Amino acid sequence: MPARDTFPHSACASAAPSLPDTQTDTQPNQTPPDAAPALPASPSPTARRARTAATADTGQPRELPTAAFAEAFATALLDWFAVHKRPLPWRFGYEPYSVWISEVMLQQTQMDRGVDYFLRWMTQFPDVASVAAASEDELLKAWEGLGYYSRVRNLHKAAKALVERHDGELPDDPEAIRALPGIGPYTAGAIAGIAFNRDVTCIDANVERVLSRVFDIDTPVRARPAAARIRALAAALLPAGRARDFNQALMELGALVCRKKPQCASCPLSGLCESLRLGIPHERPVPGRKQPIVPLDVATGVLVHGNRIFIQKRPDEGVWAGFWEFPGGRVERNEAPDATIVREYAEETAFRIAVRDKLAVIRHGYTTYRVALHCYLCELDGNMGGEPPVPPILDAATEYRWVEFADLPRFTFPAGHRKLIDQLTTDLRFAPYR
DNA sequence: AAGTCGTGGGT
DNA sequence: TACCCAAGACT
């Protein structure tokens, strides 16, 4: 736990507003800062003892940093950021649209991948209006491979709402931003704070990690008590007028220095960090309950007929909604994968098919599953293979196509199927069909 | 509030 | 290999 020395009458740091969340969180203190005493940026023992001040009324362990600590924290952090800030493409101009796209794109996504997708997206959809005018299929194709595709559907809805109601511009009011589809507490804070430089914080996994270490928060960071404390701490540490740099700096520090394996030797906050003082930064943040990963065998068949390949479009709900795919499904208990293909084709298309070569086993994961995707080459069986072939009776799809191999890149596939297509490009057994 | 929703990099 | 988990939101 942090030092319990409390200074009930010391200046309490300014508490910048944090976005309202579904969980109501009472800000312990909203009073403006008193005259902040000048304090050396270096962490003196005095500064360390002055780290926190308890809320005066209850005396509960809901502690906020003193103004002096907050200033030392912000100064060290912002100085570091000025030197180590990466030249990311949305860090030029901070146009709200660019910030919005980057923030949504980077949700649960690694920076390097996000940058590539961002640059392509901005070329294809340079403004809100172009997103609103695009078809969902176009947007989905641009998002293909990034995952969490409801993000792009919500982006579409939000863009259309902005064109209709806000003249195609993002509002600068955190509440109004938060009301848009796909924008939660984090993204609303990020847009308001980073694009508009409003005095608002944003809490992502980086911020959680940094603050849980600096203040040695010993309960699961995503659970309510710790989450509320982190929101309050971030708000108290935020220097007025510096939200753009402060928010980015906190996240940048988490991404570059205060990583899962912390690099405390090069951390500008090492002198202020309670978990480091205790020698346990690697024990923070305390993780929540983790979901078990379920292994799953799935089979899929690439059905060829002449030089055409059968694909179908998934329903509008559930995983990979609206994606194209090769039919297939879960391998049941005591079922061989090639038998799965025959069964699934019968159920999903009413095709009788014959399974030929096994093409690949592709391993990938989605959400809580770890999938082994067994891939087979298939043909229509017996007299089903007329010309043109008999139409399918779709049971798990909204559309179907018989397409040439060269046309597959125009359609949007789940990553596992996309990997299969990539492999087929060089698979000699598949040469007759491409 | 606990599950769902993807994917690939890091270790 | 196996596991963790990332600039989260929604239901």
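Keep in mind that what you see is a predicted model, and the values were worked out from it rather than measured. Each chain gets a letter, A, B and so on, in the order the sequences are listed, and its residues count up from 1.
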Neighbour count above 12 (heavy atom, 6.0 Å) for [X] [atom1]:
X	atom1	answer
A/R429	CZ	yes
A/L119	CG	yes
A/R242	CZ	no

Is there a side-chain contact between [X] and [Y] in this structure, where contact means two heavy atoms from C-beta onward sitting under 4.5 Å apart?
X	Y	value
A/Q423	A/I362	yes
A/L359	A/Y376	no
A/V371	A/R363	no

Between [X] and [N], does any side-chain N or O lie under 4.0 Å from OP1 or OP2?
X	N	value
A/R178	C/dG8	no
A/Y149	B/dT7	yes
A/Q107	C/dG8	no
A/Q291	B/dG3	yes

Mutual orientation of the aromatic rings belonging to A/F351 and A/Y345 [parallel < 30°, tilted 30-60°, perpendicular > 60°]: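 Ring orientation, 0 to 90° scale: parallel.
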Aromatic ring pairing A/F310/A/W402, orientation class (parallel under 30°, perpendicular over 60°, tilted between):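 Aromatic pair A/F310/A/W402 classed perpendicular.
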Strand-adjacent residues in residues 109-141 of chain A, judged by heavy atoms under 4.0 Å from DNA chain C: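 Contacting residues: A/M111.
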Validation row, ring centre A/F81 to ring centre A/F246 under 6.0 Å: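 No: the rings miss the under 6.0 Å criterion.
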Distance flag, aromatic centroids of A/F413 and A/W320, threshold under 6.0 Å: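 Centroid separation for A/W320 and A/F413: 6.0 Å or greater.
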5′-ward residue of the pair A/K290/A/T187 relative to DNA chain C: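 The answer here is A/K290.
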5' priority, DNA chain C, between A/G182 and A/R86 [closest heavy atom]: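 That would be A/R86.
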Residue closer to the 5' end of DNA chain B, A/R153 versus A/K261 (nearest nucleotide):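 The 5'-side residue here is A/R153.
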Gap in Å between the two P atoms, one belonging to B/dG3 and one to C/dA7, rounded: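 One P to the other, the span is 24 Å.
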Rounded distance in Å between the P positions of B/dG6 and C/dC3: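 After rounding to an integer number of Å, I get 23 Å for this pair.
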Whole-Å distance between [N] [atom2] and [X] [atom1]?
X	N	atom1	atom2	result
A/L106	B/dG8	CG	P	16 Å
A/I230	C/dG8	CD1	P	14 Å
A/E252	C/dA6	CD	C1'	14 Å
A/R289	B/dA2	CZ	C1'	7 Å
A/N154	B/dG6	CG	C1'	15 Å
A/I203	C/dA9	CD1	P	12 Å
A/N247	C/dA7	CG	C1'	11 Å
A/I293	B/dT7	CD1	P	14 Å

Need one value for [X]: base, sugar-phosphate or nothing, where a base atom within 4.0 Å counts as base even if backbone is also close, heavy atoms only.
X	answer
A/R209	sugar-phosphate
A/L88	base
A/P287	nothing

Residues that A/D297 engages under side chain to side chain donor-acceptor pair (under 3.5 Å), provided they are two or more places apart: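 If we apply the side chain to side chain donor-acceptor pair (under 3.5 Å) test to A/D297, skipping adjacent residues, the hits are A/H374.
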Residues within residues 309-331 of chain A bordering DNA chain B, heavy-atom distance below 4.0 Å: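 Per residue number, the list reads A/V319, A/W320.
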Within residues 407-424 of chain A: residues closer than 4.0 Å to DNA chain B (heavy atoms):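 Per residue number, the list reads A/P414, A/A415, A/K419.
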Among A/Q312, A/K313, A/H417, the one residue meeting side-chain hydrogen bond (donor to acceptor under 3.5 Å, both in side chains) with A/E325: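 Considering A/Q312, A/K313, A/H417, a side-chain hydrogen bond (donor to acceptor under 3.5 Å, both in side chains) with A/E325 is found only for A/Q312.
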Closest listed nucleotide, where the reference is the side chain of A/R259 and the choices are B/dT11, C/dG8, C/dA7: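 Nucleotide nearest to A/R259's side chain: B/dT11.
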A/T109-A/R151 side chain donor-acceptor pair, cut-off 3.5 Å: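 There is such a pair between these side chains.
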Ring-face cation contact, A/Y117 with A/R120, 6.0 Å cut, 45° max: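 The answer is yes, since A/R120 meets both limits relative to A/Y117.
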Worked check of side chain to side chain contact (heavy atoms under 4.5 Å, CB included) between A/T201 and A/N247: CA-CA 6 Å; A/T201 62; A/N247 283 319; 4.0 Å; yes
Give the table of side-chain donor-acceptor pairs shorter than 3.5 Å for residues 87-103 of chain A, with sequence neighbours excluded, one pair per line with atom names and distance.
| from | atom 1 | to | atom 2 | distance (Å) |
| --- | --- | --- | --- | --- |
| A/R91 | NE | A/Q248 | OE1 | 2.7 |
| A/R91 | NH1 | A/R86 | O | 3.0 |
| A/R91 | NH1 | A/E252 | OE2 | 3.0 |
| A/R91 | NH2 | A/E252 | OE1 | 3.1 |
| A/Y94 | OH | A/Q248 | NE2 | 2.9 |
| A/Y97 | OH | A/W121 | NE1 | 3.1 |
| A/Y97 | OH | A/F125 | O | 2.6 |
| A/S102 | OG | A/S98 | O | 3.3 |
| A/S102 | OG | A/V99 | O | 2.9 |
| A/E103 | OE1 | A/Y186 | OH | 2.5 |

Quiz item: A/Y148 side-chain donor-acceptor pair to B/dG6 base, under 3.5 Å: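 For A/Y148, whose side chain was compared with the base of B/dG6, there is a donor-acceptor pair (under 3.5 Å).
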Pairing stems for DNA chain B [at least three consecutive pairs; Watson-Crick or G-U; under 3.5 angstrom]: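 Looking at DNA chain B, the stems formed by three or more consecutive pairs are B:2-5 with C:8-11, B:7-11 with C:2-6.
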